[in-house]
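Counting starts at 1 for both ligands and their atoms, following the listed order.
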Amino acid sequence: MSVSNFADFDVLVVGAGFAGLYAIHRFRRQGLSVKVFEKAPEVGGCWYWNKYPGCRCDIPSVDYSYGFSPELDQEWTWPEAYSKQADILNYIKHVADKFDLRKDIQFNSEVTAVTFLDDQRLWEITTADGEKTTGTYCVMATGGLSVPTKPKLAGVDTYAGLELHTAAWPEGVDLKGKRVGIIGTGSSGVQVVPEIAPEVEHLYVFQRTPAYATPAFEPTMTPEMMDRVKANYPRIRETQQFTPRAVANFNARTGAFAPLPDDFLTQGGRVDFRGTSGGNIKGLTTEELAELIKNYGIGHLLNFQDIYFDEESNEKASDIFRGYVKSSVRDPETADSLTPKNYGIGCKRPVRDRSYYQTFNRDNVTLVDLQKQPLEEVNPAGIRTSANQYDLDVLIYATGFDALTGALLKANITGRGGLKLTEKWQYGPVGYLGLQIEGFPNLFAVTGPGSPSALANMVVGIEQHINFIADCLAFMKEKHYAEVEPTKDAVDEWVSICNKLAEGTSYTASGCKSWYLGTNIPGKPQVFMPYIGGYHIFKQHCDNVARNDYAGFAFR
Ligand code: N01
């Protein structure tokens, strides 16, 4: 039963991934009625859809999990230190069952419109079957990487073989003995390639831009390590709140936390958002660097703070990486093609691999460098480049997502006075704290553009955002406010802060193209979308806003 006399529910939520599930639990706790709409037949969000071979998280399992329930922490045992997709999905299902969340979720329900009804001051959700439901508040828990993209290549719909996308991978795919092509060498492609290469007859990897792929962390989790984690969970959860990536840096092997640099809480902006205090690469000698890489691996390059802010340091790290590719791949021409040249390390999101480069030493794997032989068309038999026809039984798209804004824009959201979100965001996303948009009262996004989103541990960011929203709704109830939305001044200031922080970093350097910037989607406005200052600073900012009676928000 809704607290409003008019709405079907207090809170409507779109999406039953990590965010939607925690929303049910948190809003219920303060006596609000909640209804969640989910397109899939199961909970899990991106961890439901991305079932491709090799899919695994690159954030430690103990961090990439909910922090709201000490009991859940103690009862759940992670099989690996960095989890496979199936293990994360099992965890999410367990949470849904333990907290009895499924009863508030309507599965197989794609939302086709989200509309503010001006006369009733309610949000109305329409699903694909035409059903309409109203709520006082609406929370878009739709995820930042949930709208897969397929490039508009010539002949793209003519392919006659089996076509797959990593982000919509069906059960029971058998690639044994098949001629397989894969387009895309970002995080998803780099995970798939080494996993399927041993079983396929031949694998053709169609690469447009080579990645900086650094070896993934060792996933082994022993019972002793898990015991140490459980004994330290309260501190792990607390420490996450004080780090840029919302990762506690707890070493389960030794039982030690990595020390936090003193300036974490005072720097207020340009911090080491990789989550460890890596110092600067600039002053290090070749011998010192070689020793560090020998001890910590090539991925340690990403820990040096100055690679994100100083061009020369970035070039130094990028060069070392280029040498690493050369030494990993036997065929010099393939090694050259796999070497990133026109942009620096730290522009795109770090890609973690398991023997990715070594896979190109196999006889049944061919790299097709699309810079040397452009892709001309997809045809019924496969792919034709300027140099060759590649006949394929299976074609895999690992071509990524319309990130951060894609799901919000696709939901067909209309705010006050008929204002469309597509119109409001025609030049790029503008909002306050990644949470709210002017002209869309009582509508909230979770980890939207303008929040740290994918630059930090998403699960911690999600909990922080849902807690903020729930506290704000409690504040409104106490003050008898009916509507909340950000002021224009607050939005302008926040957008300007986000832009200034991103200026002059490796994320926005010339030559850098990434989904953070929207360059992967033709015609998408090119702005750096996440807040770059670090999760911990962002959280402090949100806490201050709440403490000051939600400064920057206008209430009616
Ligand atoms: O997508 P991407 P993703 N012709 O956008 C190529 C998270 N994630 O699914 O670089 C040819 O990174 C494109 O080439 P280019 C993580 O946040 C995490 O791999 O644009 N190629 C690129 O190589 C990640 O960042 C994990 O030139 C085309 C690839 O497709 C995010 O999801 C695992 C093309 C797309 O790479 C997205 O990763 C997986 C075209 N027309 C995902 N269009 C982990 O936790 C695109 N490409 C480890």
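Between K316 and D306 no salt bridge is recorded (no basic side-chain N to carboxylate O distance below 4.0 Å). For the pair E377 and R384, the salt-bridge criterion is met [side-chain N within less than 4.0 Å of a carboxylate O]. Salt-bridge check for R237 with D73: passed, with a basic side-chain N closer than 4.0 Å to an acidic carboxylate O. Between D336 and K341 there is a salt bridge, since at least one side-chain N of the basic residue sits less than 4.0 Å from a carboxylate O of the acidic one.
W515 NE1, 3.6 Å is the protein heavy atom nearest to atom 37 (C) of ligand 1. Looking only at protein heavy atoms, the nearest one to atom 1 (O) of ligand 1 is G400 CA, 3.1 Å. Scanning all protein heavy atoms for the shortest distance to atom 20 (O) of ligand 1 gives R208 NH2, 2.9 Å. Remark: minimum distance from atom 44 (C) of ligand 1 to any protein heavy atom is reached at R56 O, 3.4 Å. Scanning all protein heavy atoms for the shortest distance to atom 36 (O) of ligand 1 gives G186 CA, 3.6 Å. Protein heavy atom at the shortest distance from atom 10 (O) of ligand 1 is K348 NZ, 2.9 Å. Among all non-hydrogen protein atoms, the one lying nearest atom 26 (C) of ligand 1 is S187 CB, 3.8 Å. Ranking the protein heavy atoms by distance from atom 3 (P) of ligand 1 puts S188 OG, 3.4 Å first.
By the 6.0 Å contact criterion, CG on N342 is open, its count of non-hydrogen atoms from other residues, nucleotides or ligands being 12 or less.
The aromatic rings of Y91 and W78 sit tilted relative to each other, their planes meeting at an angle between 30° and 60°. Ring orientation note: the planes of F18 and Y64 are nearly perpendicular, at an angle over 60° on the 30°/60° scale. Ring geometry for F206 against Y204 counts as tilted: the plane angle lies between 30° and 60°, on a 0 to 90° scale. The aromatic rings of Y308 and Y507 lie parallel to each other, with less than 30° between the two planes, well short of the 60° mark.
When each atom of ligand 1 is checked for a heavy atom of G184 under 4.0 Å away, the hits are 6 (C), 23 (O), 29 (C), 30 (O). Contact atoms of ligand 1 toward Y52: 33 (C), 39 (C) (distance under 4.0 Å to a heavy atom of the residue). Near R349, meaning under 4.0 Å from any of its heavy atoms, are these atoms of ligand 1: 16 (C), 17 (O), 24 (C), 25 (O). Under a 4.0 Å criterion applied to the non-hydrogen atoms of I183, ligand 1 contributes the atoms 11 (C), 21 (N). Atoms of ligand 1 found under 4.0 Å from any heavy atom of A398, numbered from 1 in the order shown, are 29 (C), 30 (O), 35 (C). Within ligand 1, the atoms closer than 4.0 Å to a non-hydrogen atom of T185 are 22 (C), 23 (O), 29 (C), numbered from 1 in the order shown. Numbered from 1 in the order shown, with element, the atoms of ligand 1 that lie under 4.0 Å from a heavy atom of L145 read 7 (C), 17 (O), 31 (C), 32 (O).
Using a 4.0 Å heavy-atom cutoff, L375 is absent from the residues neighbouring ligand 1. Residue contacts with ligand 1 leave out Q207, since none of its heavy atoms falls under 4.0 Å from the ligand. The shortest heavy-atom distance from R352 to ligand 1 is not under 4.0 Å. For A454, the closest heavy-atom approach to ligand 1 does not fall below 4.0 Å. Using a 4.0 angstrom heavy-atom cutoff, T166 does not count as in contact with ligand 1.
By the disulfide bond (SG atoms under 2.5 Å apart) test, C347 pairs with C512, sequence neighbours left out.
Side-chain contact check for T405 and K524: at least one donor-acceptor pair (N or O, by modelled atom type) lies under 3.5 Å. Side chains of K348 and S187: no donor on one and acceptor on the other come within 3.5 Å. In the model, T209 has no side-chain atom that pairs as donor or acceptor with a side-chain atom of K513 under 3.5 Å.
Ring pair F538/Y535: centre-to-centre distance not below 6.0 Å.
Where the criterion is an N or O separation shorter than 3.5 Å, residue side chain and backbone included, T209 meets it with respect to ligand 1.
Contacts between K513 and ligand 1, counted as non-hydrogen atom pairs separated by less than 4.0 Å, are absent for every part of the residue. Contact annotation: for F401 versus ligand 1, heavy atoms closer than 4.0 Å belong to the side chain alone.
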